[in-house]
Amino acid sequence: MLDRDVLREEPERVRWAIEVKGVEGIDLDQVLAIDEEWRELKAEGDSLRHERNRISEKIGELKRAGDEQAAQEHIQRSGELKESLEEVEQRADTLEAELDAALFELPNIPHESVPVGEDETDNVEVDRWGFDAPRELSDPVIPHYDLGEELEIIDFERGAKVAGGGFQFLKGDGARLEYALIQFMLDLHREQGYTDVFPPIAVNSASMRGTGQFPKFVEDAYRIGGANDEPYDDSDLWLLPTAEVPVTNMYRDEILLDDDLPIKHQAFSPNFRREAGEHGTETRGYVRVHQFNKVELVNFVRPEESFERLEGLREEAEEVLKRLELPYRVLHMCTGDMGFQQAKKYDIEVWAPADDMPDGPEIGGRWLEVSSVSNFGDFQARRAGLRYRAERHESADYLHTLNGSGIALPRTVVAILEYYQNDDGTVTVPEVLRPYLDGQEVIEGHDPVGESAVGAGRKA
RNA sequence: GCCAGGAUGGCCGAACGGUAAGGCGCACGCUUGGAGAGCGUGUUCCCUCACGGGAUUCUGGGUUCAAAUCCCAGUCCUGGCGCCA
């Protein structure tokens with residue numbers, strides 16, 4: 001949510017933000033008019049109430065003095081005032097509600113360093129890493145979804161059977177690889193100064209609103225009890241779409257001390273997303289699923305430090321891929337593709353060499369977004385009531401929030417299965433992960449289970 | 001799930017229908033040779049250029065001229081009982 005003062009004092013910047021972010025359906029002049037009228041009514045209501053308070057005070061005095069008749073007269077006047085007051089305040093409340101609703105619809109203002117552009121084609125690549133001397137690839141590279149099934153380490157069919165499409169089993173070394181990645185990432189980020197938090201997996205509507213998932217993305221969430229299109233209130237529960245929700249809301253409506261900042265939390269959790277309608281070759285396999293694991297990084301910082309911290313956060317996230325020795329690139333997201341709440345955002349995309357896509361790198365394969373790191377400025381903080389007190393004697397101010405996926409796990413698994421694939425169909429375990437796999441160097445796969453494998457000729 | 005108690009400013013804590021005592025911490029000012037003590041102001045939100053005003057005793061309703069106080073509903077916390085991976 002934007003500051004009302006920004007709206008009033010710099011409407012042109014707000015107008016610019018709406019335009020370059022491509023937000024539609026907003027009549028800013030209308031919003032400004034509502035604000036204007038609300039302020040007038042507010043002033044009017046305040047002075048009416050002032051008068052009424054005076055009279056009420058007087059009634060008390062008269063009653064104590066025993067002047068019942070004069071008291072009655074004042075009571076009458078007070079009643080009259082109450083009527084006009086109610087009328088004015090009701091209109092003011094209506095307008096303020098409209099104003100708040102409108103403020104929720106206004107996007108965050110992009111930082112001046114953000115490239116202006118319409119869509120993903122206008123994002124600017126700012127870095128590319130690991131392509132100077134890449135590993136020698138298997139020929140051909142088998143896509144992870146085929147290899148995963150062949151090796152019996154990812155089971156899409158049985159996942160669909162027990163939960164539905166978009167859910168899958170990881171089996172044997174597949175599951176162990178996932179655990180290893182989780183532990184590796186958590187250890188790395190702890191090294192970088194992060195404090196672990198294991199959050200609630202269910203979050204209430206108030207939290208979803210605090211981080212900005214609601215009201216826009218209700219249809220993307222999994223509701224616990226009740227259908228998504230039924231009315232919900234603050235206490236209804238949802239499965240978290242990202243640990244950003246519980247962790248950012250952790251200090252909601254609190255005032256932190258200057259000494260507390262910066263706070264760096266990392267949170268491992270499963271994430272649940274409906275991803276309605278997202279099916280096809282681009283999302284096939286372990287790329288866009290309904291449940292996936294992620295280690296999320298959340299920072300709470302002093303306002304003046306947030307843009308510098310964003311660069312630090314980006315390096316912290318990149319370090320995961322560097323240590324895994326997976327080639328990747330970094331994109332500076334343009335205004336039209338950066339999202340509603342962000343002031344500045346980078347995407348980190350890992351190289352998955354199996355499937356050639358038109359917008360992939362020249363040497364083949366494709367880019368998979370594994371992390372996006374964002375600075376929200378005070379946009380989320382204002383929405384969630386996250387404040388800090390710089391000096392004990394000063395009033396509290398909104399702090400700044402940032403987050404970054406410390407790399408989404410499934411796509412990292414995809415990159416490993418494809419990039420570290422060997423000609424014999426096995427997969428070499430990246431060196432940094434071996435300690436987490438009891439020293440295992442190669443994933444060779446497992447025998448299939450069940451009669452269907454016999455029919456397919458994969459088992460005698 | 002049942003029963004009981006509770007929720008007041010940054011913190012502690014009164015008031016229990018008449019318009020939120022008192023204390024503590026912190027900051028600034030006055031005072032002082034200096035320190036301490038003392039005094040004053042500030043340490044929530046909103047409107048206003050400002051003066052000033054309004055709101056705020058967990059939340060939402062209600063009664064009343066007037067609600068922290070009385071009534072109803074809810075949330076959370078504490079304790080006891082029950083259930084339980």
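Each chain gets a letter, A, B and so on, in the order the sequences are listed, and its residues count up from 1.
Across all strands shown, Arg52(A) has heavy atoms under 4.0 Å from sugar-phosphate atoms exclusively, and none from any base.
Comparing Arg39(A) and Ile55(A) by the nucleotide of RNA chain B that holds the closest heavy atom to each, the one mapping nearer the 5' end is Ile55(A). Where Ser56(A) and Ala43(A) meet RNA chain B, the nucleotide closest to each residue was compared, and Ser56(A) sits on the side nearer the 5' end.
Among the nucleotides C47(B), G54(B), C65(B), the one closest to the side chain of Arg8(A) is C47(B). Minimum atom distance to the side chain of Arg54(A) is reached by G54(B), of the listed C65(B), G54(B), U48(B). With A55(B), C45(B), C46(B) as the candidates, the nucleotide lying closest to the side chain of Trp38(A) is C46(B). In the set C45(B), G18(B), C46(B), G18(B) carries the atom at the smallest distance from any side-chain atom of Ile59(A). The side chain of Ile75(A) lies closest to C65(B) when the candidates are G54(B), U44(B), C65(B).
The aromatic rings of His332(A) and Tyr346(A) lie tilted to each other, with the angle between the two planes from 30° to 60°.
Rounded to whole angstrom, the span from the CG atom of Leu41(A) across to the C1' atom of U48(B) amounts to 15 Å. Here A55(B) presents its C1' atom at 14 Å from NE2 of His50(A), a figure rounded to the nearest Å.
Within residues 83-94 of chain A, no residue places a heavy atom under 4.0 Å from RNA chain B.
Between the base of G53(B) and the side chain of Asp46(A) there is a donor-acceptor pair shorter than 3.5 Å.
Salt bridge status for Asp397(A) with Arg387(A): absent, with no side-chain N to carboxylate O gap under 4.0 Å.
U43(B) is paired with G25(B) under the Watson-Crick or G-U wobble criterion, all donor-acceptor distances under 3.5 Å.
Regarding contacts with the backbone of A66(B), a side-chain N or O of Lys82(A) is found under 4.0 angstrom from either OP1 or OP2. Residue Arg49(A) has a polar side-chain atom (N or O) positioned under 4.0 Å from OP1 or OP2 of A55(B).
In this structure, the side chains of Gln342(A) and Asn108(A) stay at 4.5 Å or more apart for every pair of heavy atoms. Residues Phe340(A) and Lys21(A) form no side-chain contact, since every pair of their non-hydrogen atoms from C-beta on lies 4.5 Å or further apart. Within the 4.5 Å cutoff, no side-chain heavy atoms of Lys58(A) are placed close to those of Arg77(A).
Tested against Arg309(A), the residues Val373(A), Asn299(A), Asn375(A) include a single side-chain contact (heavy atoms from CB on, under 4.5 Å) partner, Asn299(A).
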